[in-house]
Number of protein chains: 2
Amino acid sequence: MKPTPPATRSTRQRGEVMALLQEMDGARSAQQLHMMLRERGAKVGLTTVYRTLQLLVDAGDADATRLPGGEQLFRLCSRTHHHHLVCRDCGKTVEVAGPAVERWADQVATDNGFTDVSHTIEIFGTCRDCAAR
Amino acid sequence: MKPTPPATRSTRQRGEVMALLQEMDGARSAQQLHMMLRERGAKVGLTTVYRTLQLLVDAGDADATRLPGGEQLFRLCSRTHHHHLVCRDCGKTVEVAGPAVERWADQVATDNGFTDVSHTIEIFGTCRDCAAR
DNA sequence: ATTAGTGCAAATCGTTTGCACCCAG
DNA sequence: CTGGGTGCAAACGATTTGCACTAAT
């Protein structure tokens, strides 16, 4: 017998969510996405938006970052390890790689006797457009 | 006249919270701290624990990190800029400084036209003690 | 037919706030 | 005295879940 055939179905609502995400150039909250879908005429329940996003995150096709307030922002992103440079105002996101930083983090951790190391790095700022207002 | 004389009073409950925090060697959630205080016989309301922690954070005497689940962990810490190496199991925390990383972050941001740069870096792992179980 | 997916409402969860009472200065 | 502090209960905001219904395969 097959271990666990996770048959993921293709539905209209998932398509709508994916389509919207692909148009985004920055991160958005589940609620924002839900509202945008509504305005655009796509009928998708908030619950489904959450479930779809979670699915994408688990699959590694999207990633979520938590705002200081606790709200999560989602975005599609590459599957390779990387970090984000996020605009505080518009949410625009730039993926950045930093081999040196990765090494630094692992080094610091092992130096202190830690194993199973992982890390979180987020850089926030105001992008040129938003700075120009 | 004085601008805003924020007269912070010294109360029994604030003392209890501070005392507990000083005994901690790692980060704890507000709820955990509240429970620990209760077990120790100190009568402090959960609300007060939250308010006191927020006060400490604002004053820069403590800092908070958000767990993937959205829950915040608090700990007393030095006022200088630094990052944390946290044990996933026991919450033990080690403050780490990384001048090079700070520079890297600022560099990446400005290279992309971002201003008002700030960042968040957290390193997670399993400390020696917990690894040994 | 099967069974995953959907959506609404109700339930969680951590955290915040309104408000009447209390105590440090 | 007086305004900051406290605590309980109610309010909150984001996210999750129970459940009956709909639709993809």
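Since the model is a prediction, treat every value here as computed from it, not as a measurement. The sequence lines fix the lettering, A, B, ..., with proteins before strands; numbering per chain opens at 1.
- When the side chains of ILVMFWY residues are joined at heavy-atom separations under 4.5 Å, either directly or via intervening members, B:V86 and B:I123 end up in two distinct hydrophobic clusters.
- For the residue pair B:H84 and B:C77, the shortest heavy atom distance occurs at CE1-CB, 4.3 Å.
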Quiz item: Using a cut-off of 4.0 Å between protein heavy atoms and nucleotide atoms, how would you tag nucleotides 20-25 of chain C 5' to 3' with B, S and -?
Solution: ---BBS
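- C:dG5 atom P lies 14 Å from atom CD of A:Q54, rounded to whole Å.
- Annotation: side-chain contact (heavy atoms from CB on, under 4.5 Å) contacts of B:A131 (sequence neighbours excluded): A:T115, B:T126.
- At a non-hydrogen distance threshold of 4.0 Å, A:Q31, A:T47 from residues 15-48 of chain A come into contact with DNA chain D.
- Between C:dA10 and C:dG14, the two P atoms lie 22 Å apart (nearest whole Å).
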Exercise. For side chain to side chain donor-acceptor pair (under 3.5 Å), just list the numbers for A:R88 and B:S118, CA-CA rounded to whole Å, side-chain angles, deciding distance to a tenth of an Å, and then say yes or no.
Key: CA-CA 10 Å; A:R88 289 194 196 78; B:S118 70; 3.2 Å; yes
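- Side-chain N or O atoms of B:R28 include none that pairs as donor or acceptor with a backbone N or O of B:G91 at under 3.5 Å.
- Rounded to whole angstrom, the span from the CD atom of A:Q72 across to the C1' atom of D:dT15 amounts to 8 Å.
- Heavy-atom nearest nucleotides on DNA chain C were determined for B:E71 and for A:T52, and the one closer to the 5' end corresponds to A:T52.
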Side-chain atoms of residues 46-58 of chain B: list all donor-acceptor pairs with protein atoms under 3.5 Å, sequence neighbours left out, distances to 0.1 Å.
| unit_1 | atom_1 | unit_2 | atom_2 | d |
| --- | --- | --- | --- | --- |
| B:Y50 | OH | B:Q31 | NE2 | 3.2 |
| B:T52 | OG1 | B:T48 | O | 2.8 |
| B:Q54 | NE2 | B:D58 | OD1 | 3.0 |

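- Taking only side-chain nitrogens and oxygens, A:Q13 comes nearer than 4.0 Å to OP1 or OP2 of C:dG7.
- The shortest distance between the side-chain N/O atoms of A:Y50 and the OP1/OP2 oxygens of D:dT16 is not below 4.0 Å.
- Between the P atoms of D:dA11 and D:dT15, the separation comes to 22 Å (whole Å).
- Smallest separation of non-hydrogen atoms from B:V117 and B:A109: CG2-CB, 3.3 Å.
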Practice problem: Give DNA chain C the dot-bracket treatment, 5' to 3': Watson-Crick (N1-N3 with N6-O4 or O6-N4) or G-U (N1-O2, O6-N3) under 3.5 Å, [ ] crossing, | other strand. | Solution: ||||||||||.|||.||||||||||
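- Side-chain N/O atoms of B:R51 and base N/O atoms of D:dG4 include no donor-acceptor pair closer than 3.5 Å.
- Using the six-membered ring where Trp is involved, A:H81 and A:H119 have ring planes that are perpendicular, over 60° apart on the 30 and 60° scheme.
- Among all heavy-atom pairs drawn from B:Q32 and B:A27, the shortest one is OE1-O, 4.5 Å.
- At a cut-off of 3.5 angstrom, the base of C:dG14 holds no donor-acceptor pair with the side chain of B:R66.
- No chain of hydrophobic side-chain contacts below 4.5 Å, direct or via other Ile, Leu, Val, Met, Phe, Trp or Tyr residues, connects A:L20 to A:L73.
- Computed from coordinates, the B:R14 CZ to D:dG7 P distance equals 11 Å when rounded to whole Å.
- Taking A:R103 as the reference, nothing meets the salt bridge (charged side-chain N to carboxylate O under 4.0 Å, His left out) condition, with sequence neighbours excluded.
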